[in-house]
Amino acid sequence: EKLNSPKCAIFIPAFNAASTIVNVLDRIPENLKKSVTEIFVIDNHSTDNTQMVAVNYREAHGLHNLDVIRNAKNEGYGGSQKIAYQRCIDKGYDCVAMLHGDALLQQGQHGQDSLLPVDATTAMRILRDLLTALVHAHRASVLHLDIKPSNVLMDDAGRFILADFGISHALRASWHM
């Protein structure tokens with residue numbers, strides 16, 4: 001099932017990530033991969049074959065909503081983010097999640113992944129609860145600016161809540177579309 005509203009994207013900035021990009025894409029739950037409007041990788045002019053590895057992944061997995069963009073020159077990490085967020089604005093996305101393309105799994109103290117695996121149903125619940133929170137914040141003209149796992153809490157009823165608005169900003173009138 002596609003999320004009709006809000007329109008969401010997953011952005012993966014990548015530089016010399018040929019050895020890690022498949023693992024990053026594999027860690028996105030299948031249901032989430034198919035439910036977001038777009039997943040896009042911005043290869044920041046890598047000197048390895050990051051772009052081709054990501055394109056081959058798209059073809060091998062039939063992931064038609066995966067787009068792979070290669071910058072003509074290295075724009076730096078911030079430059080790639082600017083390109084990505086402008087793309088999201090231009091396409092009218094309501095939200096975007098950023099996953100780092102060179103992220104290696106970090107092992108916890110007992111050898112388990114530091115990212116707890118969740119099933120697709122739970123991933124969709126988390127996404128929908130956070131999107132609801134973001135819609136409310138944006139309607140109140142507030143940008144959170146620090147969405148990360150440690151800022152997601154679960155209440156006693158099992159709802160996921162966006163926390164820590166410490167670096168949030170009021171939305172400027174010029175940012176409204």
Side-chain angles (χ1 to χ4, degrees), residues 1-108 111-132 134-135 144 146-149 152 160 177:
E1 114 196 28
K2 281 277 188 198
L3 290 174
N4 293 326
S5 181
K7 287 176 51 178
C8 299
I10 297 174
F11 156 52
I12 304 171
F15 178 71
N16 289 341
S19 65
T20 56
I21 193 73
V22 167
N23 188 37
V24 171
L25 290 164
D26 280 345
R27 299 252 332 166
I28 303 170
E30 289 301 317
N31 194 27
L32 189 57
K33 283 181 193 170
K34 294 173 183 164
S35 297
V36 296
T37 307
E38 180 182 34
I39 301 168
F40 65 99
V41 175
I42 295 187
D43 176 8
N44 202 13
H45 201 75
S46 295
T47 57
D48 66 4
N49 61 345
T50 297
Q51 178 186 19
M52 285 311 305
V53 171
V55 168
N56 290 340
Y57 185 96
R58 175 184 63 209
E59 301 307 317
H61 292 83
L63 194 57
H64 303 293
N65 63 338
L66 173 61
D67 196 7
V68 182
I69 302 148
R70 186 169 194 271
N71 290 340
K73 65 177 188 161
N74 188 317
E75 300 288 346
Y77 179 60
S80 287
Q81 286 188 53
K82 287 178 186 177
I83 291 166
Y85 297 133
Q86 188 60 57
R87 176 187 180 93
C88 293
I89 290 167
D90 293 345
K91 290 190 167 215
Y93 291 137
D94 299 300
C95 64
V96 60
M98 181 175 66
L99 301 176
H100 291 270
D102 61 355
L104 295 173
L105 294 179
Q106 298 191 8
Q107 297 295 310
Q112 75 277 16
D113 292 348
S114 62
L115 298 174
L116 297 176
V118 296
D119 60 85
T121 301
T122 302
M124 289 303 295
R125 280 187 33 240
I126 294 168
L127 180 63
R128 288 185 178 165
D129 287 354
L130 292 180
L131 293 176
T132 299
L134 287 172
V135 166
H144 187 277
D146 194 23
I147 299 170
K148 58 187 177 186
V152 178
F160 295 92
M177 292 185 278

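Counting from 1, the numbers follow the sequence of the chain as shown.
- Remark: Tyr85 engages no residue in a side chain to side chain donor-acceptor pair (under 3.5 Å) (not counting sequence neighbours).
- The minimum heavy-atom distance linking Ala18 with Thr50 is given by the pair N-OG1, 3.1 Å.
- Contacts of Lys91 classified as salt bridge (Lys or Arg N to Asp or Glu O under 4.0 Å), with partners at least two apart in sequence or in another chain: Glu38.
- With sequence neighbours left out, Arg70 forms a salt bridge (Lys or Arg N to Asp or Glu O under 4.0 Å) with Asp43.
- Interatomic distance, CG of Asp48 versus OG of Ser19, reported as 7.0 Å (0.5 Å rounding).
- Residues Val24 and Gly101 approach most closely at CG2-O, 3.7 Å, considering heavy atoms.
- To the nearest 0.5 angstrom, Met98 atom CE is 11.0 Å from Cys88 atom SG.
- Here ring-ring contact (aromatic ring centres under 6.0 Å, His included) pairs that include residues 16-46, with residues two or more places apart or in two chains, are Phe11-Phe40.
- Scanning both residues, Ala54 and Val41, for their nearest heavy atoms gives CB-CG2, 4.5 Å.
- In this structure, the ring-ring contact (aromatic ring centres under 6.0 Å, His included) partners of Tyr57, at least two apart in sequence or on a different chain, are His61.
- Taking SG of Cys8 as the reference point, atom CG of Leu131 lies at 4.0 Å (rounded to 0.5 Å).
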Query - Check against side chain to side chain contact (heavy atoms under 4.5 Å, CB included), Gln51 and Ser46 - result: CA-CA 8 Å; Gln51 178 186 19; Ser46 295; over 6 Å; no

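- With no hydrogens or angles considered, a side-chain donor-acceptor pair links Thr47 and Asn16 at under 3.5 Å.
- In this structure, CD1 in Ile89 is found 5.0 Å from CD in Gln86, a value given to the nearest 0.5 Å.
- By the side-chain contact (heavy atoms from CB on, under 4.5 Å) test, Asn71 pairs with Ile42, Asn44, Glu75, Ser80, Ile83, sequence neighbours left out.
- The salt bridge (Lys or Arg N to Asp or Glu O under 4.0 Å) contacts involving residues 53-66 comprise nothing, where partners must be two or more places apart or lie in separate chains.
- Under the salt bridge (Lys or Arg N to Asp or Glu O under 4.0 Å) criterion, Glu30 pairs with Lys33, sequence neighbours left out.
- Asp67 is linked by a salt bridge (Lys or Arg N to Asp or Glu O under 4.0 Å) to Arg87, counting only residues two or more places apart in sequence or in another chain.
- With sequence neighbours left out, Val152 forms a side-chain contact (heavy atoms from CB on, under 4.5 Å) with Leu130, Phe160.
- Residue pairs meeting the ring-ring contact (aromatic ring centres under 6.0 Å, His included) criterion with at least one partner in residues 13-32, sequence neighbours excluded, are absent.
- In this structure, Thr20 OG1 and Asp26 CG are separated by 11.5 Å, a value rounded to the nearest 0.5 Å.
- Rounded to the nearest 0.5 angstrom, Ile39 CD1 and Ile12 CD1 are separated by 6.5 Å.
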